[in-house]
Structure formats: C-alpha cells, structure tokens
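The figures that follow rest on heavy atoms only: side chains count, while hydrogens, waters and symmetry mates do not. Chain letters run A, B, ... following the sequence lines, proteins first, then strands; residues in each count from 1.
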Protein chains: 2
Amino acid sequence: MSQTQTRMTRQRAVILEELRKTTTHPTADELYGKVRERLPRISLGTVYRNLDFLADSGEIRRLEAAGTTKRFDGNMVEHQHVRCLCCGRIGDIMTPLPTPAVSGMHVPGFSEIRSARIEFDGICDQCASARLVAND
Amino acid sequence: MSQTQTRMTRQRAVILEELRKTTTHPTADELYGKVRERLPRISLGTVYRNLDFLADSGEIRRLEAAGTTKRFDGNMVEHQHVRCLCCGRIGDIMTPLPTPAVSGMHVPGFSEIRSARIEFDGICDQCASARLVAND
DNA sequence: TTTATTTTAGTAAAGATTATTATTAGGAAT
DNA sequence: ATTCCTAATAATAATCTTTACTAAAATAAA
C-alpha cells in the first residue's frame, strides 16, 4: 500500500507533447519557451523536474554525457572512455575498439561528418560495492 | 611580426604537469585543488584559461561532448546523434551503424561495462554556409 | 634597462541546475 | 459530487560552473 502514485498533470503532458513534436533536441530552457506558449504560468523548475521524471521513467531520452561538468585528459595516446552511470567517474580503455568509418556518410542538415567515436557506460568499482549495502 | 607569442609560465607548466600526472580526468575545479598545493596563490580563472589554451594547442584533450548544456530527445526509436563542432546543434542519424559489443569487456576500476554507443562530430549546414563568408 | 605585450589574481557577472516552501490540484475513496 | 491525502506546481533563492573584466605582475625582446 505504500507505493507512491504518479499523476499525469497538464504540465507534464504538455512538456512531453512538445518534446515529441520537435527533432531539435532542445535544452530545458528552450523547451520552457515552447511550453510557455501553451502554459504561460509554468515555471522553469517544473520543466526541469518533469524532464528528469520522464527520462527516469523511460519516456524520453537524456542526450548522453551532455550537461556534465567539463573534464580534461592529459593522455594524448589514442584511447576511449567509460563513464560510470552512477557517479560520472571516467575510466580509460587503452585497447580501443576500431573507430567506425564516416567517409561518405550523409546526414540531413549536416554538410559534413568529420569523425565518430565510441563511448562506454558502466558501473565503477566504488559504486558497485556501495550498491551491495544500499540496494536501490 | 603580428603573430602573437606564447609564454610558458609557471602556472601553465604546473597545470599541464599535474594533469599529465593523473588518470582521473579531472574537472577544472578538481585540478585547481591539486595545482594549489604547489601554487597556493593561483586563481581558478587561470586554470580555466590554461586548460582552454592547452586543449586548443593540442597538448591535452577536452573530454568529448561533456560540459555542454543538457539536451533531451522525445524520439525513442533507436538512433544515433551528430553534434555540430561549431554550434553544438544535434542531428539524428536514423540508420545507425552497428553498436559495438561490450560483452566480456574488462576495464580496470570498473566492475561492469553496460553499453557502448557511437557519437559523431560534424559541421551543420548553417555553420558551413556561415564559414563561406567569415572564414577563420 | 626600457618597452611592448601576454598572463595573472582577484572579483564580478552570467548561465545552468537544484533546492526550498507555501499553495494548488490529481485522483482515489468516500 | 465531496472529501481527503499527497504529489506536483509556482515562485524564489541558492548553488555550481564557466566566462568576462581590469589593474598589476611577469616575460621576452630591443
């Protein structure tokens, strides 16, 4: 009996609708502008909260890796990166998988595709052992 | 005569040294903490400016895609993304290249590799035509 | 040295996101 | 329909990250 209920509010519905209507991969603030045309009194915090909610419940996607704090790497040897899904920690993959070839690729809206890279997601040791104690 | 000279200052040298010494892919603020152990009077702005300088001159790497504003996507059909190197605009690649397999991968410091994805960099149409006029 | 110019420290400002709190409104149960 | 419980909202403040500004210091060349 103690499972929390979720409510489909007008705000949540409009946010979802407006996001599905566009292909521009908007930021929270850009979407706020769109949604406000229909719900002038909505607040930016509501947009942020619902985008998080919708992404967590699998109805929309967060663009991967975006929005995290900038990180730097002094190692110029070719390698790839894993990001911990839990804490954001970055690990190095020093034996990289082959990079996909982009020559000849054509994407609408883009005049040129320059390069491609593989990014990995995983769970780091620290977060994995923390989970043994406090499991979701 | 009008080419600007660059100076290897103590601050720049220490920032580069400390970044090369670690494999943690630090943020500007984390590196600031490290560098301050040796140069207590350095300012955070100097760290940011030199990280930008070093990345632009190819001595260090900026972690790809990190640090941009969060973006969202309402399209749950499997696809990949291109990011414009110039303006950050995102495009969709609806005929994705095959995703690399991660089963059996082992990375030191990580207990589990969950998934991999391919990300693309390119130049969008708007930026490409802007370049025709104002070329770097 | 003197000079010209880059770089720095310190601080302010801007931008993005999260937290707080009193109020509103979903929707289940009456 | 009405009542009631609690999730969700609006409004705002606070935090975190990054960039901009400026007078002073440092670097390299003349």
Between B:Gln5 (CD) and C:dT3 (P), how many Å, whole number?
17 Å
Any side-chain N or O of B:Tyr48 below 4.0 angstrom from OP1/OP2 of D:dT19?
no
Do any side-chain nitrogens or oxygens of A:Thr9 fall under 4.0 Å of OP1 or OP2 in D:dT9?
yes
Between B:Met8 and B:Ala28, whichever has its closest DNA chain D nucleotide further toward 5' is B:Ala28
Taking B:Arg62 for its side chain and A:Lys70 for its backbone only, find out whether a donor-acceptor pair lies under 3.5 Å.
no
Between CD1 of A:Ile15 and P of D:dA10 the distance, given in whole Å, is 8 Å
Picking from D:dT18, C:dA9, D:dA8, which would you name as closest to the side chain of B:Arg41?
C:dA9
Given atom CG of B:Asn50 and atom P of C:dT6, what is their separation to the nearest angstrom?
15 Å
Between A:Arg20 and A:Glu17, does any side-chain N to carboxylate O distance fall below 4.0 Å?
no
Rounding to a whole Å, what distance do you find between B:Leu44:CG and C:dA12:C1'?
14 Å
What nucleic acid atoms does B:Arg12 come within less than 4.0 Å of, heavy atoms only: base, sugar-phosphate, or nothing?
sugar-phosphate
Counting neighbours of CZ on A:Arg38 that are heavy atoms of other residues, nucleotides or ligands and sit closer than 6.0 Å, is the number greater than 12?
yes
Rounded to the nearest Å, what distance is computed from the CZ atom of residue B:Phe53 to the C1' atom of nucleotide D:dT19?
18 Å
Just how far, in rounded Å, is C1' of D:dT18 from CZ of A:Phe72?
10 Å
For the pair made of OH in A:Tyr32 and P in D:dT12, what is the distance, rounded to whole Å?
11 Å
So, does B:Lys70 get its side chain near the phosphate of C:dT18, meaning an N or O under 4.0 Å from OP1 or OP2?
yes
Determine whether a donor-acceptor pair (one donor, one acceptor, N or O, separation below 3.5 Å) exists between the side chain of B:Arg7 and the base of C:dT5.
yes
Take the protein atom CG of B:Asp52 and the nucleotide atom C1' of C:dT8, then report the distance between them rounded to whole Å.
16 Å
Does a side-chain N or O of B:Thr46 approach OP1 or OP2 of C:dT8 to a distance below 4.0 Å, or not?
no
Proximity to the side chain of A:Thr6 - top-ranked nucleotide from D:dA8, C:dA16, C:dA9
D:dA8
Does C:dA25 have its OP1 or OP2 closer than 4.0 Å to a side-chain nitrogen or oxygen of A:Gln11?
no
Do the rings of B:His25 and A:His79 sit parallel, tilted or perpendicular, given the 30° and 60° boundaries?
tilted
Does some side-chain heavy atom of A:Thr22 sit less than 4.5 Å from a side-chain heavy atom of A:Glu30?
no
DNA chain C: 5'-proximal contact among B:Pro40 and A:Thr27 (nearest heavy atom)
B:Pro40
